[in-house]
Amino acid sequence: MSENIRVRFAPSPTGYLHIGGARTALFNWLFARHNKGTFVLRIEDTDRERSTDEYIEAIIEGMKWLGLDWDEGPVRQTDRFDVYKKYVGKLLEEGKAYYCYCSPEELEANRKEAMKQGRSLKYSGKCRGLKEPVPGIEPVVRFRMPQQGSTYVDDMVKGHVVFENEQLDDLIIQRSDGTPTYNLTVVVDDVDMAITHVVRGDDHLNNTPRQVQLYEALGYETPKFAHLPMILGSDKARLSKRHGATSVMAYYEMGYLPQALVNYLVRLGWSYGDQEVFSMEELVQYFSFENVGKAAAVFNPEKLLWLNQQYIIQSPNETLAEQVIPFLEKEQVIQAGQQQDMKWLAKAVGTLRERSKTLVEMAQSLRYYIDEDIEYEEKAKNKFLKEESRELLVELKEGLESMSEFTEQEIENLFRSIAERKEVKLGKLAQPARVALTGGTQSPGIFEVLDVMGREKTIRRLERAIDSI
RNA sequence: GGUCCCAUCGUCUAGUGGCCUAGGACGUCGGCCUCUCACGCCGAAAACACGGGUUCGACUCCCGUUGGGAUCACCA
């Protein structure tokens, strides 16, 4: 690969960081890191009506959470209006751009008419040859698009794409209020920032020939392009809110690990043989546009959930304990800011790791270890906390009281010896105990549960269960 | 409608002319393990959109059809 690769992620702050944008950012980041290049964050906020500082913050927050760090920026386009002005002036001077006095209403009417007649919706070129300004109207500036020949786009994922120039219309590069538009700013900035590879969604593919013409008019070499296929919802329409959560941070709130989301996103469109689970290091090492597919991909929440569980299973207990705390606070299992016994929490988390698909689930399960009082599930209570289990629970309680060492192994020995003595299967004792301790019929292994819960709390709960029978 | 892109199991994908009796993963179904639930393990069903070429030979190359998507703003 060539030296000094420079890429950018250029979101428009008109919304939070969503799944599609995150994947674009991720592919840029991976390409930069793989090639030891530079990753620039640029905020495309020329639409002052819809851009907000809150969204800029939200995008940054999302990228940080995913672990996508950038080397330069964030650069805001609104800080660079004088630069764009200069380039527009240059194009105007060289006759490569011209003033257009057509009103938005007029243009809209033309488009409607063209649509009705089934023609292309291209601008008529009415003001192309105008020599004198039209008084009383603040004009826009249009780029004089070549009308002969073809424009070639050599794309790293789509291959060679050809556009006939006669299909391209004279796009507006400066609004009547003097602000520049996207197609101009994107080219100027990519030139100014020495971007070598433009990696973005393939919804931009149709804009690319126009931008290529702009590069040429400005006298610059075009960068390489990589247009990534879209992410679709289950109905194959472009992914949107009605398909469920699309905000990256919504996945944080639902208890997903950032690495799991990254891993899932990268596999939408990219593959490395049959491998499904990747570390960040592997991703950086293996990433290449050669393995990026051309077809749009459907977002599949079930597979993401599975991956999240895989990452939870692989995570060290101590890390998970740290990560689950905000969720314990949110579920009001613990109080915010309260000091925690992290060693104990890590142990508790260890018993839940293999049965939690998200941190939210984990926090909810942790409740029965932490709360002083538990609620019995109605069905569980009726089935297991009844007369025939009473004596077993009493025996268990007494056994625990007289146990010298309260260890998982000793607990197991006690359970088994009671079951044997009473000539019942282990489950006859374990299930009532489980309900007594956790309130439900599903939990980690009963010996671990006792071990984590500790002798005092265990005995208190057994007493309460016995009394309730 | 014009232009552009795309097309392998329900979904994500492997496959770059013979290795394909089309592989893996999620999900689904069945089984094993077992104190419950999970995890794990074993197994099953499940796809090359269609039609023409090219070739000794096409999932792979070409053309067309069909289907899907994107785009056509003084948004980005």
Side-chain angles (χ1 to χ4, degrees), chain A residues 10-14 44-47 49-51 77 100 102-104 107-108 111 114-122 138-142 153 155 157-159 161-164 167-169 171-177 179 181-183 185-186 200-209 227 229-230 232 234 236-238 264 267-277 290-291 293-307 309 313 352-357 365 380 384 412 415-416 419 425-431 433-435 438 440-447:
Chain A
S12 158
T14 53
E44 310 225 326
D45 57 350
T46 55
D47 182 355
E49 302 276 300
R50 299 192 301 150
S51 301
Q77 291 190 319
C100 169
C102 298
S103 71
L107 295 172
E108 184 53 34
R111 267 194 298 273
M115 181 74 101
K116 221 167 73 186
Q117 293 181 17
R119 296 199 324 266
S120 125
L121 309 185
K122 197 175 138 171
E138 283 302 325
V140 300
V141 176
R142 281 188 189 270
V153 175
D155 194 275
V157 345
K158 304 285 185 184
V161 187
V162 187
F163 297 85
E164 296 306 319
Q167 300 292 339
L168 274 27
D169 65 354
L171 62 252
I172 292 171
I173 56 177
Q174 189 177 88
R175 304 185 183 96
S176 51
D177 66 358
T179 59
T181 61
Y182 168 72
N183 279 298
T185 59
V186 72
R200 70 217 323 184
D202 73 7
D203 49 335
H204 286 282
L205 189 55
N206 285 316
N207 274 327
T208 308
H227 285 99
M230 298 277 91
L232 313 176
S234 49
K236 304 250 182 185
R238 192 182 183 143
Y264 179 69
R267 285 283 290 101
L268 276 186
W270 177 84
S271 60
Y272 188 76
D274 284 339
Q275 191 169 340
E276 294 287 350
V277 182
E290 282 182 30
N291 301 317
K294 296 175 172 196
V298 174
F299 186 82
N300 179 217
E302 259 110 44
K303 190 162 182 181
L304 170 58
L305 194 58
W306 171 78
L307 255 178
Q309 183 174 31
I313 288 171
L352 260 14
R353 240 180 11 176
E354 288 176 350
R355 37 208 126 217
S356 306
K357 287 176 157 55
S365 301
F384 294 108
E412 175 163 0
F415 267 80
R416 293 199 188 279
K425 286 200 168 184
L426 184 58
K428 284 284 179 196
L429 174 58
Q431 277 306 77
R434 176 167 281 118
V435 177
T438 70
T441 56
Q442 303 170 8
S443 84
I446 194 67
F447 317 130

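We name chains A, B, ... by the order of the sequence lines, and we start the count at 1 in each one. Quick note: numbers below take in every heavy atom, side chains included, and nothing from hydrogens, waters or symmetry partners.
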Checklist entry - Closer than 4.0 Å, any side-chain N/O of A/K122 to the OP1 or OP2 of B/U3? => result no

Checklist entry - Does some side-chain heavy atom of A/I173 sit less than 4.5 Å from a side-chain heavy atom of A/N183? => result no

Item to check | Distance, rounded to the nearest Å, where A/Q77 contributes CD and B/A76 contributes P | outcome: 8 Å

Item to check | Criterion side chain to side chain contact (heavy atoms under 4.5 Å, CB included) on A/T179 and A/T46, from CA distance to verdict | outcome: CA-CA 7 Å; A/T179 59; A/T46 55; over 6 Å; no

Checklist entry - Any side-chain N or O of A/T46 less than 4.0 Å from the OP1 or OP2 oxygen of B/A76? => result yes

Item to check | Rounded distance in Å - CD (A/Q167) to P (B/U71) | outcome: 18 Å

Item to check | A/T208 and A/R200, any side-chain heavy atoms less than 4.5 Å apart | outcome: yes

Next on the checklist: Could you tell me how far B/A7 sits from B/U60 if I compare only their P atoms? Round to whole Å.
Outcome noted: 11 Å

Checklist entry - Looking for any heavy atom pair under 4.0 Å, which part of the strands does A/L304 touch: base, sugar-phosphate only, or nothing? => result nothing

Item to check | N/O (side chain, A/R142) to phosphate O (OP1/OP2, B/A73) under 4.0 Å | outcome: no

Nucleotide N/O of nucleotides 14-16 of chain B paired with protein N/O under 3.5 Å:
{"unit_1": "B/A14", "atom_1": "OP1", "unit_2": "A/S271", "atom_2": "OG", "d": "2.9"}

Next on the checklist: Measuring to OP1 and OP2 of B/C37, would you say a side-chain N or O of A/R434 lies under 4.0 angstrom away?
Outcome noted: no

Just the atom pairs and distances: protein N or O near nucleotides 38-44 of chain B's N or O, under 3.5 Å.
{"unit_1": "B/A38", "atom_1": "O2'", "unit_2": "A/E354", "atom_2": "O", "d": "2.3"}

Item to check | Any A/K158 side-chain nitrogen or oxygen under 4.0 Å from OP1 or OP2 of B/C5 | outcome: no

Next on the checklist: What I'd like to find out is whether the side chain of A/D202 reaches to under 4.5 Å of the side chain of A/M230, using heavy atoms alone.
Outcome noted: yes

Checklist entry - If we take the P atom in both B/U34 and B/U8, what is their distance in whole Å? => result 43 Å

Checklist entry - Using a cut-off of less than 4.0 Å, is there contact between a side-chain N or O of A/R200 and OP1 or OP2 of B/U71? => result no

